[in-house]
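Letters A, B, ... are given to chains in the order of the sequence lines, protein chains preceding strands, and every chain is numbered from 1.
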Amino acid sequence: GAVVSQHPSWVICKSGTSVKIECRSLDFQATTMFWYRQFPKQSLMLMATSNEGSKATYEQGVEKDKFLINHASLTLSTLTVTSAHPEDSSFYICSARGYTGGDEQYFGPGTRLTVT
Amino acid sequence: SQELEQSPQSLIVQEGKNLTINCTSSKTLYGLYWYKQKYGEGLIFLMMLQKGGEEKSHEKITAKLDEKKQQSSLHITASQPSHAGIYLCGASSNTGNQFYFGTGTSLTVIP
């Protein structure tokens with residue numbers, strides 16, 4: 001089946017620094033990628049939807065200047081958390097949808113971000 | 001946005017007991033997905049329902065989508081500790097451009 005990878009799987013950074021998370025579709029071309037964040041004991045909240053070659057569409061309440069999303073190619077999307085703060089510590093998951101023969105989306109394994 | 005409300009929010013059951021989790025949508029569903037997850041880990045796809053009245057089963061888990069396609073239920077028979085985790089329903093928006101998750105149900109199975 002289709003595989004989506006994320007890198008890194010976990011990262012610790014200092015408050016005020018920026019961190020980039022990569023999401024790759026390994027064996028298919030992803031026309032759309034989704035970014036979610038999840039706090040402990042809570043569901044996944046959609047942050048933004050990105051289509052290759054165009055600007056991401058952010059959900060209400062998500063700061064686009066803080067969470068920069070780039071979908072530069074059909075296999076790669078990046079989420080950059082700028083000027084990270086401890087409250088940004090969370091679990092971030094991406095998913096990808098594309099030319100796989102169906103309408104399904106495939107999820108990455110997630111990235112655990114800890115901001116100290 | 002597509003609002004998916006799950007109930008109950010959390011559930012603690014004795015091993016061997018049956019349980020049901022519900023997912024209710026504010027809008028007509030054009031595809032309802034069920035996933036299982038543990039916080040900090042990836043999602044495990046369980047089932048996908050599309051047609052009104054559809055029912056699917058996999059091992060001891062059965063999912064149904066009602067005729068009006070606004071509510072789905074996930075039923076686990078004879079629960080085991082391995083069933084513990086967070087259960088999430090998910091669906092695309094009516095435009096298909098976004099995919100949203102339900103509020104989640106945390107399941108604990110006591111041996």
### Message
Under a 4.5 Å cutoff for heavy-atom pairs, which residue among A:Pro40, A:Ser9, A:Gly110 has the most contacts with chain B?
### Response
A:Pro40
### Task
Pick one of side chain, backbone, both or neither for A:Pro109, based on which atoms fall under 4.5 Å of a heavy atom in chain B.
backbone
### Message
With clusters defined by side-chain heavy atoms of hydrophobic residues (ILVMFWY) lying less than 4.5 Å apart, directly or transitively, does A:Val115 cluster with A:Val19?
### Response
yes
### Contact class of A:Phe39 relative to chain B, heavy atoms under 4.5 angstrom
backbone
### Message
Can you tell me which portion of B:Glu41 sits under 4.5 Å from chain A's heavy atoms? Options are side chain, backbone, both or neither.
### Response
backbone
### Query
Would you say B:Ser92 and A:Arg97 make side-chain contact, with heavy atoms under 4.5 Å?
yes
### Message
Please check if the number of heavy atoms outside B:Ile12 that lie under 6.0 Å from its CD1 is greater than 12.
### Response
no
## Note on the structure
Heavy-atom nearest pair, A:Phe34 first then B:Gln98, reads CE2-CA, 3.7 Å
### Query
Does NZ belonging to B:Lys56 count more than 12 external heavy atoms closer than 6.0 Å?
yes
### Message
I'd like to know if the side chain of A:Ser43 reaches the main chain of B:Phe101, judged simply by a donor and an acceptor atom lying under 3.5 Å from each other, with no hydrogens or angles considered.
### Response
no
### Query
If you count the non-hydrogen atoms of other residues, nucleotides and ligands that lie under 6.0 Å from NZ in A:Lys66, is the total more than 12?
yes
### Query
So with a 6.0 Å cut-off around CZ of B:Phe45, is the heavy-atom count from everything else above 12?
yes
### Query
What's the spacing between A:Gln38 CD and B:Leu43 CG if we round to 0.5 Å?
7.5 Å
### Message
If you apply the rule ring pair (Phe, Tyr, Trp, His ring centres under 6.0 Å), what do you find for B:Tyr35 with A:Phe107, and how did you get there?
### Response
CA-CA 11 Å; B:Tyr35 297 91; A:Phe107 290 86; 5.2 Å; yes
### Message
Given heavy-atom pairs under 4.5 angstrom as the criterion, report whether the side chain, backbone, both or neither of A:Leu44 touches chain B.
### Response
both
### Message
How about NE2 on A:His7, more than 12 heavy atoms from neighbouring residues, nucleotides or ligands closer than 6.0 Å, or not?
### Response
no
### Query
Is it the case that more than 12 heavy atoms not belonging to B:Gln9 sit under 6.0 Å from its CD atom?
no
### Query
Closest heavy-atom contact between B:Phe99 and A:Leu46?
O-CD2, 3.8 Å
### Message
Is B:Gln37 in contact with chain A via its backbone, its side chain, both, or neither, using a 4.5 Å heavy-atom distance?
### Response
side chain
### Engaged part of B:Thr103 at the chain A interface, taking heavy atoms whose separation is under 4.5 Å
backbone
### Message
Please tell me whether A:Ile21 and A:Tyr36 are part of a single hydrophobic cluster in this structure, the criterion being side-chain heavy atoms less than 4.5 Å apart.
### Response
no
### Message
How about NZ on B:Lys64, more than 12 heavy atoms from neighbouring residues, nucleotides or ligands closer than 6.0 Å, or not?
### Response
no
